[in-house]
Number of protein chains: 2
Amino acid sequence: MAKYALGVDFGTESARALLVDVADGREVATFVARYPHGVIDEALPRPVAGSGCPPKLSKDWALQSPDDWLLTLKQSVRATMKASGVKAEDVIGIGIDFTACTMLPVAADSTPFCKMKKHEKNPNAWPKLWKHHAAQGQADRINATARRMGCDFLDRYGGKLSSEWMFAKSLQILEEAPGIYNEAARLLEGADWVVWQMTGVEKRNACTAGYKAAFEPKSRTYPPKEFFAAVNPAWANLVEEKLSTDIYPQGAVAGGLTAAMAKTLGLKEGTPVAVANVDAHVAVPAATITGPAKMLMIMGTSICHMVLGTEPRKVEGMCGYVWEGIIPGYYGFEAGQSGAGDILAWFVENAVPAAYHAEAAKRKKDLHGVLEEKAAALRPGESGLVALDWLNGNRSILVNVDLSGMVLGITIATKPEEIYRALIESLAFGTRKIIDSFESSGVAVDELYACGGLPYKNKLLMQIFSDVTGRTIKVARSEQTCALGSAMFGALAAGKKGGGYDTIEAAAKKMAGVRREVFRPNRKAKAVYDPLYAEYEKLHDYFGRGVNPVMKALKTLHFEQAGKR
Amino acid sequence: MAKYALGVDFGTESARALLVDVADGREVATFVARYPHGVIDEALPRPVAGSGCPPKLSKDWALQSPDDWLLTLKQSVRATMKASGVKAEDVIGIGIDFTACTMLPVAADSTPFCKMKKHEKNPNAWPKLWKHHAAQGQADRINATARRMGCDFLDRYGGKLSSEWMFAKSLQILEEAPGIYNEAARLLEGADWVVWQMTGVEKRNACTAGYKAAFEPKSRTYPPKEFFAAVNPAWANLVEEKLSTDIYPQGAVAGGLTAAMAKTLGLKEGTPVAVANVDAHVAVPAATITGPAKMLMIMGTSICHMVLGTEPRKVEGMCGYVWEGIIPGYYGFEAGQSGAGDILAWFVENAVPAAYHAEAAKRKKDLHGVLEEKAAALRPGESGLVALDWLNGNRSILVNVDLSGMVLGITIATKPEEIYRALIESLAFGTRKIIDSFESSGVAVDELYACGGLPYKNKLLMQIFSDVTGRTIKVARSEQTCALGSAMFGALAAGKKGGGYDTIEAAAKKMAGVRREVFRPNRKAKAVYDPLYAEYEKLHDYFGRGVNPVMKALKTLHFEQAGKR
């Protein structure tokens, strides 16, 4: 009798459920449910805010609704189950993954503060989505204090904690809405909150605690109380009063589905639920990676790079490394590029002439396809262009949002496909820079794996990444890599006895896979890209390391002048 | 009784005749006649080449046909006269201007070699157009030799003679077609050849001799024989045997129309003809400039900067200075930017999205107009961009065709009109750099004047040039500034006795004018542009002066890779 595991992937705009055959990873059914409120970044939802005008949000705010999470959990799981025809008793386990850090204040019984009449009009009562950027001031002070105090936890995060993470966001609540902060029994990740709703118990996961809240799983410690007190005395007891040191490793069981939740989802009460995961990280075993030196690139609007290692290593400008943050028994290292698909989308939307639109329409291709075809006909270096891939700032190595993009080498003979190709090459150079940084710090990167939207859409991009990095790239078999990873952790929650697996390695062997098509580096192309990469590196250091801080100056001027409107 | 002067402007693709009222500069009639053969840059014309396949031209060749010049002279003058209703006896003088250096080998009776059966199939027998670039190898050797020998004439030309000029082109004829070189009685400018056809006498003008053949009018000397011999022993007697030291200043009379030519043109025999002029230079008095510190910018596909001075001055990367090369009594200084209108045209053709095309169509505006409107709504610095205007290389200051364009500061929020504006700003920065270079070398530039196509089409561009340079810009009243200038020299050839003028100052006072609309620098904009210009300068020096020779490396790679096709 076949057994199945359910994975639910909570993204920025929607949640996806995926039902997977535990024996071979076959994807039986899937369903995507969009959040009714989407990303809340202009004003709080109207019904919640009562009859008056809903509070407007300042720029850089990005919230979500916990009702949306529960509603789409129900919709996506029910629709998937229905489409699959699988019986509830054959679902042996559930895993979920989430964007992070997406955090919210809750009461002791897990009630979100945004669901309380007295707090619902306060934006700080609402879940702050990962891309909420309004706590930059707090992040700056946190980093300055940590540096001043010589806190060694900074080493694990490339020298800087992001404004997107738990500390900056919680400090923002304290400083802007002290009432909420003080009254809150818990500040926790949306990931853990959903698991709490499913199982009735609070079981925080090590992945978010490690990558987003500076928790060190080996010693089971957070940064010291003195650090928090130095930033803001009222913040001294953050860990004891709002967080928890009761953290569960990836692969652990959070509990069984409650009777109520089982009924809501149409599943069996007591079905094992895994502790939650982060979307990017859960994709690693789903791309078959369960050991060191294989780097996964999640390639979508941006690129997330993850690799396992056996030793802690300080890597320049890395997002972070966490013991067992991805897979038990390894350090999980994370880095990233803050733009990729969105840079190409920007180009296609803003810089492709009408003639190309006409050609695409005539040939019934999309514009990306037409550009890819024309760009693929060029030789490496033929464009005469080199670009810097910082149109969204630089996340890894330089960790600087004030950096910006550049295209150099333009002539009046330059064609759109040449710029398009140069932008792709710049992304590949950015990834190579990250790989070089890992390797020179002692974290091996022998092979590349890819998932996300881009690898399935743009073969030219994949080949260029392979040529530039000189590495083979394998592509995850499943296009729903995150949801598959969650299903694998669901199978792990069931355990071998429950029809699943006892180790993530065993689950990966059976349930994960890569495609037959492998991108292999072309030696001749690599030989042309090596000197081009050297040019990229020179520009990277000149503009990125402060020799010529023109990009910062231009951003400052931009904001000043745009602000006068 | 009203008197008239005729100006004929020989351009790259066509000739324009303009009939002007001598009393007030009123433009009575004009006519443009296109050269039937246009620019000859692929193969020699078929009828000339006989029944066989016409010889193909290598890349970088650009020729013209002398028949085209005579035919369009006839067509344009006759059509203009006809349209004007003016009688031949009321035309008191004629002046012409020409592209330069556009040169050809001729026999002692002025027969072009390309009109001789035995030479017509040899491309070196044909007039080499100003933009003929196939003599770069010769130019490089000429410059290397001049530098090695410490020839001080280099100082007058910013340190370098161009491959577009007389020496490189004549050396190419010698080395590729020695038979033609040796047999030729004369190598001369098309400008002087046409005047010869009109008057029956060879009267070479000082403007082309000075700017294009290193003739020094004060001493009436060319570079010494030893210099030519050092480059190529067979070239030693270039000056004595092929050129002439019998050079006439701007404003002199070449002679009267021959009977035959008078009949051809429908004018009176003996009508005074001025010595020829160069198109750019003749525009200076036509824009009312007859004294120092007023810089004329001829703004079309590229920009030519001209200013008069009282002392010889060595200016970095200038095109050249010539005593009385523009106006009697002054040194005429020339500099230039190798791209302007063509850079904006490149952008409009290659980088403007379909939505903007649709908007332009809907609003019945052209794309430039839509972009200009959107760009004008931005504040200085608001784009967050800075660009280098070298999409066609750099002519003045750096004199380097291997430089290329750059746009820096791009984000995924960057709009097409922001890049468009940044390109315009980069052109203004390039002009400011040239002005700064003149001023720091002791050539004053107090005020700017403009003519060419751009000033009448793009007000935003003019305002940005004014804001960036901090200088007032006046625009020549006539859009046919060159033809008007030629007509003014025609009036000068007639002299006061003949119903014209004795000095170019007097002619300019009556016949030339500027428009009422003046572009005045906005102090606030200038204050924003000053630091932006400082950023431009830093990038200009970093990429332009060899600190980071990446542009040259990219060009080399481009040609290597493109060459493999």
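A note on names: the letters A, B, ... follow the listed sequences, proteins ahead of strands, and every chain is numbered from 1. Any value given below was found using the heavy atoms of this structure, including those in side chains, with hydrogens, waters and symmetry copies removed. Nothing here was measured: the structure is a model prediction, and the numbers come from that model.
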Which region of [X], side chain (C-beta onward) or backbone (N, CA, C, O), has a non-hydrogen atom less than 4.5 Å from a non-hydrogen atom of chain B, or is it both or neither?
X        : value
A:Thr556 : neither
A:Phe347 : neither
A:Leu388 : neither
A:Asn350 : both
A:Val550 : both

Region of [X] in contact with chain A, defined by heavy-atom distances below 4.5 Å:
X        : answer
B:Leu378 : both
B:Pro531 : neither
B:Glu349 : backbone
B:Asp342 : both

If you tally heavy-atom pairs under 4.5 Å against chain A, which of [options] wins?
options                                : answer
B:Ile410, B:Thr411, B:Val528, B:Leu554 : B:Ile410
B:Ala355, B:Ser383, B:Pro380           : B:Pro380
B:Asn392, B:Leu539, B:Thr414, B:Val386 : B:Thr414

* Min side-chain heavy-atom separation B:Lys526-B:Arg523 under 4.5 Å ->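 Contact flag for B:Lys526/B:Arg523 side chains = no.
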
* In terms of ring plane angle, is the pair A:Tyr536 and A:His540 parallel, tilted or perpendicular, where the classes change at 30° and 60°? ->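 The arrangement is tilted - the two ring planes meet at 30° to 60°.
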
* Asked: How are the rings of A:Tyr533 and A:Phe429 set to each other: parallel, tilted or perpendicular (split at 30° and 60°)?
  ->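 Judged by the thresholds at 30° and 60°, the geometry between A:Tyr533 and A:Phe429 is tilted.
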
Check for a donor-acceptor pair, side chain of [X] on one end and backbone N or O of [Y] on the other, with a separation under 3.5 Å.
X        : Y        : value
A:His558 : B:Glu382 : yes
A:His357 : A:Val352 : yes
A:Gln136 : A:His133 : no
B:Ser396 : B:Gly336 : yes

Among [options], residue most engaged with chain B (heavy-atom pairs, under 4.5 Å):
options                                : answer
A:Ala351, A:Gly405, A:Ala562, A:Ser404 : A:Gly405
A:Ala413, A:Gly563, A:Ala354           : A:Ala354
A:Phe543, A:Trp390, A:Tyr356           : A:Phe543

* **Atom NZ of B:Lys524 with >12 non-hydrogen neighbours under 6.0 angstrom** =>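 No - once you tally the heavy atoms of other residues, nucleotides and ligands closer than 6.0 Å, there are 12 at most.
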
* Asked: Where do A:Trp346 and B:Ile412 come nearest, in terms of heavy atoms and distance?
  ->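 Looking at all heavy atoms of both residues, the closest pair is CD1-O, 3.2 Å.
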
* Asked: For residues B:Gln337 and B:Asp389, is any side-chain donor paired with an opposing acceptor at under 3.5 Å?
  ->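 Their side chains do contain a donor-acceptor pair, which is all the 3.5 Å distance test asks for.
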
